[in-house]
Amino acid sequence: MSDYQDTMDNAIATDETDRLIASNKVEGTAVYGSEGDKLGHVYNFMVDKRSGQVEYAVLGFGGLFGMGESYHPLPWNSLTYDTGKGGYVVNVSKDRLQGGPSYRAGEEPSYDRDYGRQINDYYGVTGTY
């Protein structure tokens, strides 16, 4: 066993506290819609480099085993964690989500001010853009 692996095996788990959570625990977490249906999962999230604040959760939606999946950025402040569901809840229906800003693998948008405004305007939230 390598020294690195030995160190990792003996490390104290610090991936969650009473108010903080590690990014690898957020990614993959289920996201539920306003009607209680599972919309998808947190694929990743976008963090503002300057402020350190999370701006968007990118929802992985549809597809099978990652094939054909589409990605839908949601304003981070529109998600609420529900301990009973073990996932995030967003006040958006599946139909509304499908009509919103989205992209597929290999078609990633540039997360510039215009795209940020488009996301925030669609979901009716104010943001830093």
Side-chain angles (χ1 to χ4, degrees):
M1 183 178 295
S2 72
D3 289 338
Y4 174 78
Q5 185 62 44
D6 191 41
T7 300
M8 294 308 295
D9 288 345
N10 293 321
I12 297 172
T14 57
D15 55 359
E16 191 169 350
T17 69
D18 62 333
R19 64 178 200 87
L20 299 173
I21 189 166
S23 61
N24 65 327
K25 287 194 75 173
V26 174
E27 293 171 353
T29 302
V31 177
Y32 298 90
S34 56
E35 295 155 10
D37 52 329
K38 183 178 175 187
L39 297 175
H41 65 279
V42 176
Y43 173 72
N44 66 13
F45 50 91
M46 303 300 289
V47 178
D48 184 290
K49 290 182 189 180
R50 293 188 178 110
S51 73
Q53 300 297 309
V54 175
E55 293 289 328
Y56 303 100
V58 180
L59 176 77
F61 176 79
L64 183 62
F65 304 115
M67 301 294 289
E69 188 170 49
S70 59
Y71 303 101
H72 301 255
L74 297 167
W76 182 254
N77 61 5
S78 69
L79 281 81
T80 303
Y81 190 77
D82 183 320
T83 56
K85 291 185 182 298
Y88 292 94
V89 176
V90 63
N91 191 23
V92 174
S93 69
K94 186 176 184 178
D95 289 338
R96 178 98 174 123
L97 177 72
Q98 288 176 315
S102 66
Y103 58 93
R104 296 205 178 271
E107 301 173 354
E108 290 81 5
S110 74
Y111 276 86
D112 58 13
R113 290 185 187 277
D114 289 336
Y115 192 64
R117 240 182 252 111
Q118 180 184 353
I119 295 165
N120 291 341
D121 289 350
Y122 184 81
Y123 290 107
V125 300
T126 57
T128 57
Y129 285 101

Check whether Tyr81 and Tyr32 end up in the same hydrophobic cluster, where Ile, Leu, Val, Met, Phe, Trp and Tyr are linked by side-chain heavy atoms less than 4.5 Å apart. no
Option from Tyr111, Tyr56, Tyr103 for which ring-ring contact (aromatic ring centres under 6.0 Å, His included) with Tyr71 holds: Tyr103
Could you grab the distance from atom CD1 of Ile119 to atom CG of Asp114, nearest 0.5 Å is fine? 11.0 Å
Is the backbone of Gly106 close enough, under 3.5 Å, to the side chain of Glu108 for a donor and an acceptor to pair up by distance? yes
Looking only at non-hydrogen atoms, find the nearest pair between Pro73 and Pro101 and report the distance. CD-O, 3.5 Å
Rounding to 0.5 Å, atoms CG (Asn24) and OG1 (Thr29) come to a distance of 9.5 Å
Please list every donor-acceptor pair under 3.5 Å in which a side-chain atom of residues 87-97 meets a protein atom from a residue at least two apart or in another chain.
unit_1	atom_1	unit_2	atom_2	d
Ser93	OG	Arg96	N	3.1
Arg96	NH1	Tyr122	OH	3.4
Arg96	NH2	Tyr122	O	2.2

Provide the closest heavy-atom pair for Phe45 versus Ala57 in the form atom of the first, atom of the second, distance. CB-CA, 4.0 Å
What is the minimum heavy-atom distance between Leu79 and Pro75, and which atoms define it? CD1-O, 3.4 Å
Exercise: identify the closest heavy-atom pair between Gly84 and Asp82: N-OD1, 2.8 Å
According to salt bridge (charged side-chain N to carboxylate O under 4.0 Å, His left out), who are the partners of Lys85, at least two apart in sequence or on a separate chain? none
List in chain and number order the residues that pass ring pair (Phe, Tyr, Trp, His ring centres under 6.0 Å) with Phe61, two or more places apart in sequence or in another chain; answer none if no residue qualifies. His72
